[in-house]
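Side chains included, hydrogens not; waters and symmetry mates left out as well; all remaining heavy atoms used.
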Amino acid sequence: MKAIELYAHLEKDFILQGLWDEWSKYMGDTKDFICTNFLKRSMGLVYDFAEDINKVYTAVFPEKSVTDKILNDNIENAMLFVHHPSIWLGSGNWNEIDLEVLKEFKKRKISVYNLTCYYKYGEDEIKDGMVALIAGGGNDLNFLKEMLENDIHILVTGITCEDEHSKESHDFAKENKISLLGGTHYSTEKFACIKMCDYFKRLGLTSEFIEGKPVFFDM
């Protein structure tokens, strides 16, 4: 499949008008490789290195074990689809893909695509619910306040460790008797990346999920 066709499918099916993030401002080390559109909205195509795509790899983070797997496959004309364009280290810290890896991806014509999906299928308020489930970094004060407004006192999320980034959230949770159940950033977000393999296969592409490693400090 032509890469531009695959990008168009993803844009149409997943990226809503006005959807954006803030990744690019933290990715200065790789700025010479980043697509112009990603610099503007931090969503979608990150590194555009392919003209044709025959296989799509999916992963949560572009960590070394993931990029090593792709390079060891000796593949060309492929794409890595990730939930986050940077590598999670825990406690709010990230690393970028190694520049030498990016150079090799460019040489082998392997693009990188980033997508965080949001789906609003339900009503604005949770009815008769008792548990809130938020993958990844859901231990956020605004989410906890919304839970309390809906009389929900159990949150299942990825990152629950108490550190300088989450102290305010933990203080609020303790004061309002909200229990936090952590499953790590990686482990709670991997299932969407696994499911995306089915999407790419329906488009006629070979697709493979690459396992990463959870950061247990998240809990």
Using a 6.0 Å cut-off, check whether atom [atom1] of [X] has over 12 heavy atoms from anything other than its own residue.
{"X": "K55", "atom1": "NZ", "answer": "yes"}
{"X": "I4", "atom1": "CD1", "answer": "no"}
{"X": "E162", "atom1": "CD", "answer": "yes"}

Grab the two heavy atoms, one from [X] and one from [Y], that are nearest each other, plus how far apart they are.
{"X": "E96", "Y": "D29", "value": "CG-CB, 4.4 Å"}
{"X": "G90", "Y": "V215", "value": "CA-CG1, 4.2 Å"}
{"X": "T30", "Y": "I97", "value": "CG2-O, 3.9 Å"}
{"X": "L45", "Y": "F38", "value": "O-CB, 3.3 Å"}
{"X": "N139", "Y": "I159", "value": "CB-O, 3.0 Å"}

Whether the side chain of [X] engages the backbone of [Y] through a donor-acceptor N/O pair (distance < 3.5 Å, no angle test) should be reported.
{"X": "T58", "Y": "V82", "answer": "no"}
{"X": "N176", "Y": "F172", "answer": "yes"}
{"X": "D98", "Y": "E100", "answer": "yes"}
{"X": "R108", "Y": "L71", "answer": "yes"}
{"X": "T188", "Y": "A135", "answer": "no"}
{"X": "E76", "Y": "I110", "answer": "no"}

Would you call [X] and [Y] a salt bridge, using N to O less than 4.0 angstrom?
{"X": "E208", "Y": "K69", "result": "yes"}
{"X": "E211", "Y": "K190", "result": "yes"}
{"X": "R41", "Y": "E11", "result": "yes"}
{"X": "E149", "Y": "K145", "result": "no"}

Side chain to side chain contact (heavy atoms under 4.5 Å, CB included), paired with V46, selected from C35, P62, P85: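 The residue from C35, P62, P85 that satisfies side chain to side chain contact (heavy atoms under 4.5 Å, CB included) with V46 turns out to be P85.
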Side chain to side chain contact (heavy atoms under 4.5 Å, CB included) partners of K195, counting only residues at least two apart: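 Only D198 meet the side chain to side chain contact (heavy atoms under 4.5 Å, CB included) criterion with K195.
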Exercise: do D68 and S65 side chains pair donor with acceptor under 3.5 Å: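 Result is no, nothing qualifies.
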Check: M1 and I53 side chains under 4.5 Å, non-hydrogen atoms: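 Not in contact.
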W94/H185 under ring pair (Phe, Tyr, Trp, His ring centres under 6.0 Å): CA gap, chis, key distance, verdict: CA-CA 12 Å; W94 301 84; H185 192 164; 5.8 Å; yes
Criterion ring pair (Phe, Tyr, Trp, His ring centres under 6.0 Å) against F81, the qualifying member of F200, Y7, F61: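 Filter result, single survivor: F200.
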CD1 on I134 to CG on D140, rounded to 0.5 Å: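 One gets 8.0 Å once the value is rounded to the nearest 0.5 Å.
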